[in-house]
Amino acid sequence: MIKAITGTKDILPNDINNWRRLENLIESRMKLYNYREIRTPVFEETSLFSRGIGETTDIVSKEMYTFTDRSGTSITLKPEMTASVVRAYLEHNLGKQYNFLKMYYISPMFRQERPQAGRLRQFHQFGAEAIGSNDPALDAEMIELSYSVLVNFGLKNLEIKINSLGTPESREIYKNELRSYLKSKFSDLSDDSKKRFNSNILRIFDSKDETDQIIMNQAPKILSYLDGQDLSHFEEVKKYLNLIGLNFSVDEKLVRGLDYYTNTTFEIISPKIGSQSALCGGGRYNLLIEQLGGKPTPATGFAAGMERILLACQNENCMDSSGQKIDVYIVRIDQDKESEVFKLASQLRNNGITTEHDYLSRSVKAQMREANRLNSNFVIMVGGNEFKHGNVVVKNMEDGTQVETKFSDINEIKRKLSK
RNA sequence: GUGGGCGUAGCUCAGUUGGUUAGAGCGUCUGGUUGUGGCCCAGAAGGUCAUGGGUUCAAAUCCCAUCGUUCACCCCA
């Protein structure tokens, strides 16, 4: 038997309720903050991601689904959305049309990692990008917006962490300081961190190794190396968050893995979903647009993992477990009333009434059981003596009462259903 | 890429130190009035015990391999 590809999951009819609930919530929150939806293709030219995300990042260097199409072009299934949004922004000259633009998306993403709790190879993210402003209020708005989706979905155990990475210049100075600090401790570092020393030194802050953590607690911190402008930008962000009463903590160890971040970074984590605890991550990327061939343009954004949100929701018991519900189930009493049932179903549906009937030639009892299982508000029975007088029986499934009404008068049937 | 756990009915799982026809609950189906649901009762269907090999008189149970899955490292949403 053919099975789904490792790391991919079917979203079955029984799962769909909560997905739709999340999607609807995202749409309504985004609308409140005036973000407009953008959809981009699932694949792009590979170079977009290698240039945008960073050649040396794990995502680009070992996790992308890349293939060559028949024309010889190297193509990659999108591992994240920011690069694609910026590409579309530049390709369609949206910057000329709007000097400031807010966009959001809901989309599948693809990364070839080993699956584990909260990590799939095809997964879904929603996120937002605001392009054209360096206003710290926007950084704060991003945090508030993403947090508001999580909270309104029903999650309670959430923690907001923020940090600032400054500019590439100040970060370089800082990284040099960090390098010289770590040189003397190099032999004590874990093997992983020894590798990180060369590849991505800031990542050593993320290490779960105890010795690493002790060493890094003593290490110089990035905030002391920010220049005046970046520092006051960060202060402003914090001020705005405080203004709206959002609880957060500054975590100087919070470094993001993608190369394009500058200044503010943030993460919202949940302790409820295992080791992949980040529900949402984002920050400012003031240099990316230039890097991808546009004019220098400040921008900020975030992405959130939908499977992780649903996982957290499950573990916090905030899933909606309500089942199916329909308005009417038509029970066919006599086998030969198939045409009448079919016609009535059509009429009811065209009147906006959710209607179901039997397709398996089942007994009246089985049809009734099915009506009950589907949580039908009413049953309409077609056949028997009543039908000989031109009537059908309308049964209220809640209280069990039933009345007769004319089969030919759809308006009268509708009236009986509204009681 | 590295390491650990686990693969028995549609689902969740039992299965004693290897020992006859492999079980339960839920779900499904049928029946309990001729034309009426929920609760209850009775019955039924449904399993190559992941796959392949080995040990043994005997394997769901022990060993090996493969595949799948899951968790963690790594990395990230």
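Model, not experiment: these values are computed from the prediction. We name chains A, B, ... by the order of the sequence lines, and we start the count at 1 in each one.
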A:Arg362 near the nucleic acid: base, sugar-phosphate alone, or nothing, with a heavy-atom cut-off under 4.0 Å? sugar-phosphate
Interatomic distance where CD belongs to A:Glu63 and P belongs to B:C74 [whole Å]: 13 Å
Quick one: A:Asp334 CG to B:U36 P, roughly how many Å, whole number? 13 Å
Does any part of the side chain of A:Leu22, heavy atoms only, come nearer than 4.5 Å to the side chain of A:Met306, both counted from C-beta? yes
In the strands shown, is B:A44 matched to any nucleotide by a Watson-Crick or G-U wobble pair with both distances under 3.5 Å, and which? B:U28
Output the rounded distance in Å from CG (A:Asn396) to C1' (B:U36). 14 Å
Is any side-chain nitrogen or oxygen of A:Ser275 closer than 4.0 Å to OP1 or OP2 of B:C73? yes
Classify A:Ala371 by what it touches in the nucleic acid, base, sugar-phosphate, or nothing, heavy-atom distance under 4.0 Å. nothing
Check whether any side-chain N or O of A:Gln116 sits under 4.0 Å from OP1 or OP2 of B:A72, and answer yes or no. yes
B:C76 base / A:Arg203 side chain donor-acceptor hit below 3.5 Å: no
May I ask you to evaluate whether A:Arg373 reaches the phosphate of B:C29, defined as a side-chain N or O under 4.0 Å from OP1 or OP2? yes
Sugar-phosphate only, base, or nothing, as touched by A:Gly127 at under 4.0 Å among non-hydrogen atoms: nothing
Which base, if any, makes a Watson-Crick or G-U wobble pair with B:A65, both distances under 3.5 Å? B:U51
Between the side chain of A:Lys325 and the main-chain N/O of A:Asn375, is any donor-acceptor distance below 3.5 Å? yes
Could you state the CD1-P distance from A:Ile269 to B:A77, rounded to the nearest angstrom? 14 Å
OP1 or OP2 of B:C75 versus the side-chain N and O atoms of A:Arg196: is any pair under 4.0 Å? yes
A:Glu398 CD to B:G37 P, in whole Å, measures 17 Å
Just to confirm, is there a sub-4.0 Å distance from OP1 or OP2 of B:G37 to any side-chain nitrogen or oxygen of A:Lys395? no
A:Ile333 has a side chain; which of B:G35, B:C73, B:U36 sits nearest to it? B:G35
Mind checking whether A:Phe67 and A:Phe43 have parallel, tilted or perpendicular rings, split at 30° and 60°? perpendicular
Find which nucleotide of RNA chain B each of A:Ile273 and A:Met306 is nearest to by heavy atoms, and output the residue with the more 5' nucleotide. A:Ile273
Answer with base, sugar-phosphate or nothing: what part of the nucleic acid does A:Leu120 contact at a heavy-atom distance below 4.0 Å? base
Residue A:Arg114, side-chain heavy atoms: nucleotide from B:U2, B:C76, B:G31 that is nearest: B:U2
Counting heavy atoms from C-beta on, name the nucleotide in B:U30, B:U69, B:C74 closest to the side chain of A:Thr6. B:U69
Using a cut-off of less than 4.0 Å, is there contact between a side-chain N or O of A:Lys365 and OP1 or OP2 of B:U30? no
Answer yes or no on whether A:Arg111 is positioned over the face of A:Phe123, meaning its NZ or CZ is under 6.0 Å from the six-membered ring centre and within 45° of the axis. no
Tell me the partner of B:A77, counting only Watson-Crick (N1-N3 plus N6-O4 or O6-N4) or G-U wobble (N1-O2 and O6-N3) with both under 3.5 Å; none if nothing fits. none
Polar side-chain atom of A:Arg332 near backbone of A:Gly383 as donor-acceptor pair, under 3.5 Å: no
Please report whether the ring centroid of A:Phe387 lies less than 6.0 Å from that of A:His389. no
Listed nucleotide nearest any side-chain atom of A:Arg111, set B:U36, B:A77, B:C75: B:A77
Paired with B:G3: which nucleotide, if any, by Watson-Crick or G-U wobble criteria at under 3.5 Å for both distances? B:C71
Within the 4.0 Å heavy-atom criterion, would you say A:Gly118 contacts the bases, only the backbone, or no part of the nucleic acid? base
Within less than 4.0 Å of OP1 or OP2 of B:G38, is there a side-chain N or O belonging to A:Arg369? yes
Check this for me: does the side-chain of A:Arg332 come within 3.5 Å of the base of B:G35 through a donor and an acceptor? no
Selection from B:G38, B:C74, B:G35 that lies nearest to any side-chain heavy atom of A:Asn372: B:G38
Any strand: nucleotide that pairs with B:G19 via Watson-Crick or wobble, under 3.5 Å: B:C57
Centroid-centroid distance, A:Tyr35 to A:Tyr104, less than 6.0 Å: no
Quiz item: A:Gln367 side-chain donor-acceptor pair to B:G35 base, under 3.5 Å: no
Comparing A:Lys9 and A:Ser277 on RNA chain B - which has the more 5′ nearest nucleotide: A:Lys9
Looking at B:A9, which nucleotide sits across from it as a Watson-Crick or G-U wobble partner, both distances under 3.5 angstrom, or is there none? none
Rounded to whole Å, how long is the line connecting atom CZ of A:Phe110 with atom C1' of B:C75? 19 Å
